[in-house]
Trainee: 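Starting off with a structure, shown below.
Any value given below was found using the heavy atoms of this structure, including those in side chains, with hydrogens, waters and symmetry copies removed. Lettering follows sequence order; numbering is per chain, from 1.
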Amino acid sequence: MASQASIPKGTRDFSPIEVSKRNYIISTIQQHFKDFGFQPIETPTFENSDTLMGKYGDEGDRLIFKILNSGDFLKKVDTAVYEKKDSLRLSSSITEKALKYDLTVPFARYVVQHQNDIDFPFKRYQIQNVFRADRPQKGRFREFTQCDADVIGSDSLWQEVEFIQLYDAVFTSLNLKGVSIKINNRKILSGLAEVIGESDKLIDFTVALDKLDKIGEEGVKKEMLEKGISESAIENIKPIFNLKDDFETKINLLKSLLSHSKIGQKGIEELEFIQKALQELPLKTAKLDLDVTLARGLNYYTGAIFEISAPPNVKMGSIGGGGRYDDLTGIFGLKNMSGVGISFGLDRIYLVLEELNLFPKTVEETTKLLFINFGDEEALYALKAIQALRKNHIAAELYPDAAKMKKQMSYADKRSIPYVVLAGGREMQNQVYNLKNMATGEQSNCNLEKLMIHVSG
RNA sequence: GUGGAUGUAGCUCAGCUGGUUAGAGCACUGGUUUGUGGUACCAGGGGUCGUGGGUUCGAGCCCCAUCUUCCACCCCA
C-alpha cells in the first residue's frame with residue numbers, strides 16, 4: 001500500500017450512492033417533520049465544555065470528545081494538578097470546548113439563550129452530526145447523524161400522541177414494516193421503586209430492569225441484589241418480569257401493582273390517555289408496545305419514554321428514542337419548561353433499510369443521458385442539446401474527452417446511465433441525434449424535441 | 001474503560017509442521033472490434049503480507065508492542 005490515507009476510527013467516508021441513500025432517508029424524515037409543523041434550527045458542532053459536561057451522567061462525560069485549547073495551554077495549568085497527573089482536573093483546565101454529544105442538550109441551551117425570541121410552545125427539528133468517544137461496533141460510530149424533533153413549552157399529552165404518529169408516518173414512508181414503538185413512563189418506574197421501598201435506588205433499579213430481554217429474569221434479579229435491592233422487594237414486582245400480553249392486560253396488572261403509589265397511578269393515566277387516543281387514530285405501519293422494562297440511560301426523562309426497535313428479523317439495537325423531560329432547561333436557568341422529543345438514528349435506519357433491501361431504485365439515478373464526445377465541433381453540437389435538456393431538469397452530460405468509443409460507452413454502462421446519445425458528423429448534417437437505450441440496445445435518430453419526449457417519458 | 005477475534009493485490013479470500021521468485025476469482029488497463037457498452041477470448045499492470053521491533057541460517061507463518069476493523073460487556077442512536 002503506497003499511501004497511508006486513513007480516517008479516524010469510528011468515522012466514515014460516504015460514496016455517491018451512500019450519500020444518495022442517506023439523503024433519501026433524511027428528506028423523508030425532514031418532510032414529515034415539516035408536515036407536523038416543526039421548524040429547523042442548527043447549533044454549533046462544538047459547545048463550551050460546561051454546557052455538556054455533567055448532563056449525561058458519568059458514563060456520558062467519559063464519552064464526550066474534548067477539544068484541546070489552542071495556544072500554550074499548559075502554561076495556565078496549576079502545577080500541582082499537572083505534577084499529580086490528575087487527568088480529570090487537568091483535562092477540564094485544558095479543554096474548554098467539546099464536540100456535541102447529542103442534539104437535546106444543545107437545544108435546551110438554545111432555548112434558554114433565545115427564550116425572548118421564541119414563541120412557545122416551540123416545535124423544532126434538527127438534523128446534525130453528533131460525536132461520541134465510544135468504541136465502535138456494528139451500528140455504532142464515533143460520528144453519526146441524529147434527526148431530532150422536540151416540542152418545548154407544553155405539557156400536553158397530545159404531543160406524545162403526535163410523536164407516535166410522526167414515527168409511524170416516517171416508517172410508513174420508508175416502507176419499513178415490523179417496527180415497534182416501545183413506550184413506558186418514568187412515573188411507572190418511580191412508582192415501582194416506591195412500592196417496593198427502594199425509591200433511593202431508582203437508577204440502579206431501572207438500569208437493571210432495562211436489561212431483562214438481554215440477561216433474563218435471573219440476571220436482572222442478580223444485578224438488583226448486587227445493587228442492594230432486597231429479595232422481598234424483587235419478589236413484590238416479580239409479575240412485571242413476565243408481561244407478555246396486550247397493552248390493556250399490562251395496564252391492568254400495573255394498576256393493581258401500583259394501587260398504593262400516587263406517582264405510579266399518574267404514569268398509568270398518562271399511558272392510558274395516549275393509548276386511547278391512538279385507538280381513534282390508528283397507526284399504519286408501526287406497532288405500539290408497552291414495555292415496562294424500558295428505562296433508557298438518560299436520566300432527564302420524567303414522563304413518557306420511547307424507544308424504537310428495528311424489525312425483529314434485523315439484528316440492530318434501537319433505531320430511535322425519545323421522551324418527556326419536565327425540566328431540561330432548568331439546568332440552564334429556565335424553569336417550568338416541559339419538553340418532549342424524539343430522535344431518529346439515521347445511520348442505523350440506513351443499515352436496516354440496506355439489510356432489508358428497501359431503498360427504492362430511483363435513489364441511485366444520476367445522469368440520464370451521456371453524449372458521446374467525437375471532437376470539438378461535435379461536442380459543441382452536443383452541448384446545445386444538453387443545455388436544452390438541463391433547462392427541463394433532465395440530467396445530461398458530455399463525456400469530456402474525445403476518447404475511444406468503447407471507453408465512453410463502458411463509462412456510461414458502469415455509471416448505469418440509461419441513455420447514450422451519439423451525435424457525430426452524420427447526425428450533425430441531418431440535424432438529428434442518435435439516441436441509444438442502454439438497457440434494450442435500441443437506437444434511433446430523432447430531433448431534439450422528440451429526444452426530450454422520449455427521455456422524460 | 002474491560003475481554004475476545006482479525007489484518008495477504010482496488011475487493012473477496014487461498015497460502016501445508018517456518019524453506020526458492022507469495023497465488024486465485026472479481027475489478028483495472030490494452031487488444032480481438034479506429035461509430036457502439038454490458039457477453040466471450042487473448043495479453044498486461046498491480047503486494048516491502050497493517051506497522052515497528054524480536055527469535056531464526058531462513059518469517060506471510062513463531063514471540064512482543066502498536067494501530068485498524070469486527071464481536072461481547074459498559075453505555076447508547
Trainee: Determine, for A/Phe131 and A/Arg142, whether the Lys NZ or Arg CZ falls below 6.0 Å from the six-membered ring centre while staying within 45 degrees of the axis.
Mentor: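 Geometry flag: not set, cation outside 6.0 Å or 45°.
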
Trainee: Between B/rA77 atom C1' and A/Asn129 atom CG, what is the distance in whole Å?
Mentor: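 Distance check: A/Asn129 CG to B/rA77 C1' gives 12 Å.
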
Trainee: What's the closest nucleotide to the A/Gln137 side chain, out of B/rU32, B/rC76, B/rC71?
Mentor: B/rC71

Trainee: Among the nucleotides B/rG30, B/rC75, B/rG35, which one has an atom lying closest to any side-chain atom of A/Lys407?
Mentor: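 Nearest to the side-chain atoms of A/Lys407, counting from C-beta on, is B/rG30.
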
Trainee: Just compare B/rC70, B/rG35, B/rG37 and give me whichever is closest to any side-chain atom of A/Lys138.
Mentor: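 So the side chain of A/Lys138 is nearest to B/rC70.
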
Trainee: A/Glu427 has a side chain; which of B/rG35, B/rA72, B/rU32 sits nearest to it?
Mentor: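 Among the listed nucleotides, the one closest to the side chain of A/Glu427 is B/rG35.
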
Trainee: Expressed as a whole number of angstroms, how long is the span from A/Asp210:CG to B/rC75:P?
Mentor: 9 Å

Trainee: Which whole-number value in Å describes the distance from A/Lys100 NZ to B/rA77 P?
Mentor: 16 Å

Trainee: Select one nucleotide: of B/rC28, B/rC76, B/rU36, the one nearest the side-chain heavy atoms of A/Met405.
Mentor: B/rU36

Trainee: Measure from the side-chain heavy atoms of A/Arg348 and tell me the nearest of B/rG38, B/rU36, B/rA77.
Mentor: B/rA77

Trainee: Rounded to whole Å, how long is the line connecting atom CG of A/Leu63 with atom C1' of B/rG1?
Mentor: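 Whole-Å distance recorded here is 9 Å.
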
Trainee: Whole Å only: how far is the NZ atom of A/Lys214 from the C1' atom of B/rC76?
Mentor: 9 Å

Trainee: Does the salt bridge (Lys or Arg N to Asp or Glu O under 4.0 Å) test come out yes or no for A/Glu143 and A/Arg132, once each step is laid out?
Mentor: CA-CA 7 Å; A/Glu143 177 181 18; A/Arg132 297 188 186 176; over 6 Å; no

Trainee: If you check the A/Val207 side chain, which of B/rC75, B/rU2, B/rG35 turns out closest?
Mentor: B/rC75

Trainee: For A/Lys404 and for A/Phe374, find the nucleotide of RNA chain B with the closest heavy atom, then tell me which residue's nucleotide is more 5'.
Mentor: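 Nearer the 5' end of the strand: A/Lys404.
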
Trainee: Nearest of B/rU2, B/rG35, B/rU36 to any side-chain atom of A/Met409?
Mentor: B/rU36

